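Let me begin by presenting the structure, written as structure tokens, before commenting on it.
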Amino acid sequence: MRGTSVGTGIVDSLRGFVGADHVLTGECLSAYRLGGATPAAGVRPGDEAEVSRILGLAFCEGLGVVPWGGGVHQCVGSPPSRYDLVLDLARLDRLIEHEPAEMTTTVEAGIRLPELRRRLETRGQFLPLDPPLADGSSLGGVLSANLSGPLRCRYGTARDLVLAVRVGHADGTITKGGAKVVKNATAYDITKLYLGAHGTLGVILEATLRLFPIPEAEAGWWLPLSDLARIQAAATRILSSHLQPTRVELLDEAARGACGGSASGPALMVSCAGGQQTVQSQRDDLEHIARESGGVLIPVQDAGRTWTTLRDFPWMPGDGNTGKSRAIWRGSVLPVDCAKAMHAVREAACRGAEVAVAANVAHGSLRGAILAERTDTIAACLRAARAALTALGGFLVVLDAPAAVREQVDPWGPPADGVSLMRRLKSAYDPKDILNPGRFVGGI
């Protein structure tokens with residue numbers, strides 16, 4: 001990892017942009033350490049104009065810039081190839097506009113999700129975006145990584161909820177994409193370029209979001225069955241019916257235990273929301289499906305805690321496995337192959353490793369943890385699990401792992417077919433390669 005010297009002249013310029021109190025040097029930069037490297041300086045802009053000036057300076061000087069939100073997901077991806085300046089967006093945290101009648105809001109990227117939730121609740125609305133570790137996440141970080149959680153089943157991902165964005169580009173230019181309306185008739189939605197680009201094409205500064213009314217009632221149920229294949233069949237039946245569940249999660253025994261399930265064996269977790277009568281009606285229909293599947297619905301107890309643990313799995317801290325290292329990952333297959341994929345991952349586990357896996361059956365997205373005493377065991381398990389998902393037409397991305405595992409396993413895996421197009425986009429949007437350099441797929 002190489003860096004450019006950030007001399008006193010650059011630091012003085014940054015202080016002139018944002019004020020001395022918002023330029024970071026010295027020991028306080030240890031909080032921004034990534035992949036064994038600490039930036040030479042940090043800066044906390046207070047508005048869009050300051051971001052523009054900071055990026056313009058970094059572009060001229062060729063400084064490697066890492067945008068920073070809540071910081072809880074910074075482990076995702078490769079370490080930056082250059083890390084000179086951290087751009088902390090915590091001060092960009094305003095709720096700019098809320099149009100309850102239009103069911104939209106416009107907010108700055110540094111706002112934390114709990115604060116946004118609190119502000120929207122006063123008007124009876126919510127943003128159905130539940131990424132892991134949401135309580136410590138900023139909106140911009142979540143959008144940059146296109147993170148989502150179990151509510152994706154009903155409401156989709158960030159790409160479905162973001163209507164417009166304002167972005168700071170590598171040379172300091174500010175642009176906007178999309179429109180502040182739910183019905184957007186543009187030929188190409190430029191916002192989708194930035195969602196999931198991990199800050200490599202531009203720094204998201206502001207977003208307009210689609211909102212929903214807070215439901216009158218919500219309930220969830222466990223449906224334990226004897227094996228993953230039977231649970232997959234029940235889930236497919238639910239998803240192809242008239243029911244509109246908010247969550248349909250398939251959990252193996254270890255994941256179920258981590259998320260609060262009391263009985264042994266794998267299980268399906270289903271939740272529904274809406275009016276009281278709607279929830280009651282859907283529960284009756286789910287009970288019918290459960291009986292025909294050979295199981296019994298078990299009501300979720302302490303729903304709030306269950307939603308949180310399910311959302312955060314497998315990001316939550318380990319469960320006291322003293323002396324064991326841990327890696328977490330996400331993957332994807334066709335929705336109908338979730339059970340096959342979970343079985344394949346478990347079969348790929350090496351001796352001495354513990355595996356826990358969950359899947360969002362509606363979208364075929366999987367996530368899991370691997371624990372073992374030896375890091376080379378974890379690395380071998382990850383390689384085998386990646387091969388198993390690839391054989392099913394899917395992929396696996398390592399989200400977090402010990403440094404010794406990262407040295408053996410590329411977090412993104414082999415570059416996808418479209419990586420050459422991604423490189424051309426990166427070159428066009430960031431010709432000096434200053435934004436999160438080297439952190440994305442294929443070293444982009």
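None of these values were measured; they are calculated from a predicted model.
Legend: residues meeting side chain to side chain contact (heavy atoms under 4.5 Å, CB included) with Thr175, ordered by chain and number and at least two apart, are Val167, His169, Thr173, Tyr194. With sequence neighbours excluded, no residue satisfies side chain to side chain donor-acceptor pair (under 3.5 Å) with Thr278. In this structure Leu243 satisfies the side chain to side chain contact (heavy atoms under 4.5 Å, CB included) test together with Ile238, Ser241, Pro245, Gln282, Asp285, Leu286, Ile289, sequence neighbours excluded. Applying the salt bridge (Lys or Arg N to Asp or Glu O under 4.0 Å) test to Arg247 and every residue at least two apart in sequence or in another chain returns Glu218. Partners of Glu292 by salt bridge (Lys or Arg N to Asp or Glu O under 4.0 Å), not counting sequence neighbours, listed by chain and number: Arg237. In this structure, the ring-ring contact (aromatic ring centres under 6.0 Å, His included) partners of Trp68, at least two apart in sequence or on a different chain, are Tyr32. Applying the salt bridge (Lys or Arg N to Asp or Glu O under 4.0 Å) test to Arg424 and every residue at least two apart in sequence or in another chain returns nothing. For Asp227, the side chain to side chain contact (heavy atoms under 4.5 Å, CB included) partners at least two apart in sequence or on another chain are Ala229, Arg230.
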Please tabulate, for side-chain N and O atoms in residues 431-438, each donor-acceptor pair with protein atoms closer than 3.5 Å (sequence neighbours left out).
from   : atom 1 : to     : atom 2 : distance (Å)
Lys432 : NZ     : Phe59  : O      : 3.0
Asn436 : ND2    : His198 : O      : 2.7

Less than 3.5 Å apart, which donor and acceptor atoms pair up between the side chains of residues 344-352 and the rest of the protein, not counting sequence neighbours?
from   : atom 1 : to     : atom 2 : distance (Å)
Arg346 : NH1    : Asp252 : OD2    : 2.6
Arg346 : NH1    : Val355 : O      : 3.1

Side-chain polar contacts of residues 381-390 - donor-acceptor pairs under 3.5 angstrom, sequence neighbours left out - could you list them?
from   : atom 1 : to     : atom 2 : distance (Å)
Arg386 : NE     : Leu396 : O      : 3.2
Arg386 : NH1    : Asp410 : O      : 2.9
Arg386 : NH2    : Leu396 : O      : 3.1
Arg386 : NH2    : Asp410 : O      : 2.9
Arg386 : NH2    : Pro411 : O      : 3.1
Thr390 : OG1    : Arg386 : O      : 2.8

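A cation-pi arrangement is absent between Arg283 and Trp221 under the rule of less than 6.0 angstrom and at most 45 degrees off the ring axis.
For residues 126-137, the salt bridge (Lys or Arg N to Asp or Glu O under 4.0 Å) pairs, not counting sequence neighbours, are Arg117-Asp135, Asp135-Arg311.
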